[in-house]
There are 2 protein chains.
Amino acid sequence: MQSEINKKLEAKQIKPTPMRQLVLNLLLQEPSALSLRELEEKFDKVDKSTIYRTLQTFQAHYLIHAIEDGSGSLRYAVCEENCTCEPHHLHFHFLCLKCQHTYCLHDYPIQIPQLPEKYQVISANFVIKGICPNCKA
Amino acid sequence: MQSEINKKLEAKQIKPTPMRQLVLNLLLQEPSALSLRELEEKFDKVDKSTIYRTLQTFQAHYLIHAIEDGSGSLRYAVCEENCTCEPHHLHFHFLCLKCQHTYCLHDYPIQIPQLPEKYQVISANFVIKGICPNCKA
DNA sequence: GAAATGTCTGCAACCCGGTTGCAAAGTCAG
DNA sequence: CTGACTTTGCAACCGGGTTGCAGACATTTC
Ligand SMILES: [Mn+2]
Ligand SMILES: [Mn+2]
Ligand SMILES: [Zn+2]
Ligand SMILES: [Zn+2]
């Protein structure tokens, strides 16, 4: 699986340093999107800014996307295979107000309404909030 | 128009203090949603926390809604007449990446996809990003 | 009207996520 | 091995949001 990780990194032209392997590995394992803080806690002993820059690099290469779920911190999740983070590749996200986890709803692509001509759409962020299946009694 | 303002406040059971009149007035005048910081700057000499608490009060009474546009600060805009901020009352928002203004797209109500039964939907925040008509050359 | 009660405001300080400058450590080609 | 470049760790900073507390203000009660 190490090679699996490296493959993904190299596919996006990212040099596979140990740090990057670890971060990507964590993001792939987790079912929900992770915040910088959460990543930091997962491996006690790595600096915040290093993880931060790793995430920046990943984003710049469309390996992960950041989710603005309004919880106060950004969450990160691995992009799907050929994602370029353009509007037609985006999906809904779900923030659970109970467990505070944010999930990618990959099966629910977003649809942006037809706005008046003079609006130029570049990106979007659609978040649904509520109680997730795990938390629903 | 003072009485106009007071009417709106009292309609939502908010005691009309001078501070609240001023803040509501500003929010009504502005075509785009305002951040705490922007409000603060508009009247030099009022404390941030006072405005902050005013906004909290307004929100609690469904007079305004907060918009998480991912710009780093929350933006606030006056709700429409009978808004209760429930999902079926919500609309899209548009963040201009050039002027950084955020607009309520009142004519574009959001539609939340039918999620698997076990998801309980409580709220939503749909933001479209791009270039606004004013900024489009 | 004066005192007592409750609400609103200003100030200062804090918390926390995100970001940056800089120097040390690591990588790699020549 | 040497020098050029990249990655990492540390420390400090910034800015939005939030809170405790005390003084100002308004409202009620006597
Ligand atoms: Mn996602
Ligand atoms: Mn709005
Ligand atoms: Zn949950
Ligand atoms: Zn604009």
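Reminder, nothing fancy here: chain letters follow the sequence lines and each chain counts from 1. Please read these numbers as outputs of a predicted model, since none were measured by experiment.
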Report yes or no: do [X] and [Y] belong to one cluster of Ile/Leu/Val/Met/Phe/Trp/Tyr joined by side chain heavy-atom distances under 4.5 Å?
{"X": "B:Phe43", "Y": "B:Leu36", "answer": "yes"}
{"X": "B:Leu24", "Y": "B:Leu39", "answer": "yes"}
{"X": "B:Tyr103", "Y": "B:Ile67", "answer": "no"}
{"X": "A:Ile128", "Y": "B:Ile122", "answer": "no"}

Rounded to whole angstroms, how far apart are [atom1] on [X] and [atom2] on [N]?
{"X": "A:Tyr52", "N": "D:dC14", "atom1": "OH", "atom2": "C1'", "value": "12 Å"}
{"X": "A:Glu41", "N": "C:dC16", "atom1": "CD", "atom2": "P", "value": "11 Å"}
{"X": "A:Phe43", "N": "D:dG9", "atom1": "CZ", "atom2": "P", "value": "9 Å"}

Under 6.0 Å between the ring centres of B:His93 and B:His65? yes

Qualifying side chain to side chain donor-acceptor pair (under 3.5 Å) pairs with a residue from residues 127-137 of chain A, counting only residues at least two apart or across chains: A:Lys129-B:Glu68

Give every residue pair that meets the side chain to side chain donor-acceptor pair (under 3.5 Å) criterion with at least one member in residues 43-53 of chain B, sequence neighbours excluded. B:Asp47-B:Ser49

Can B:Thr84 and B:His89 be counted as having a side-chain donor-acceptor contact under 3.5 angstrom? yes

What parts of residues 31-40 of chain B reach DNA chain D, counting only heavy atoms under 4.0 Å away? B:Leu36, B:Arg37

Please list, in numerical order, the residues of residues 67-77 of chain A that have a heavy atom closer than 4.0 Å to any atom of DNA chain C. A:Gly72, A:Ser73, A:Leu74

Please write out the pairs of protein N or O atoms and N or O atoms of nucleotides 6-13 of chain C separated by less than 3.5 Å, giving the distance to one decimal.
from: C:dC8; atom 1: OP1; to: B:Arg20; atom 2: NH1; distance (Å): 3.0
from: C:dC8; atom 1: OP1; to: B:Arg20; atom 2: NH2; distance (Å): 3.2
from: C:dT9; atom 1: OP1; to: B:Thr17; atom 2: OG1; distance (Å): 2.9
from: C:dG10; atom 1: OP2; to: B:Thr50; atom 2: OG1; distance (Å): 3.1
from: C:dG10; atom 1: O6; to: B:Arg53; atom 2: NH2; distance (Å): 2.5
from: C:dC11; atom 1: N4; to: B:Ser49; atom 2: OG; distance (Å): 2.9

Taking salt bridge (Lys or Arg N to Asp or Glu O under 4.0 Å) as the test, write out the residues that go with A:Lys42, two or more places apart. A:Glu30

List the atom of A:Phe126, the atom of B:Val127, and the distance in Å for their closest heavy-atom pair. CE1-O, 3.6 Å

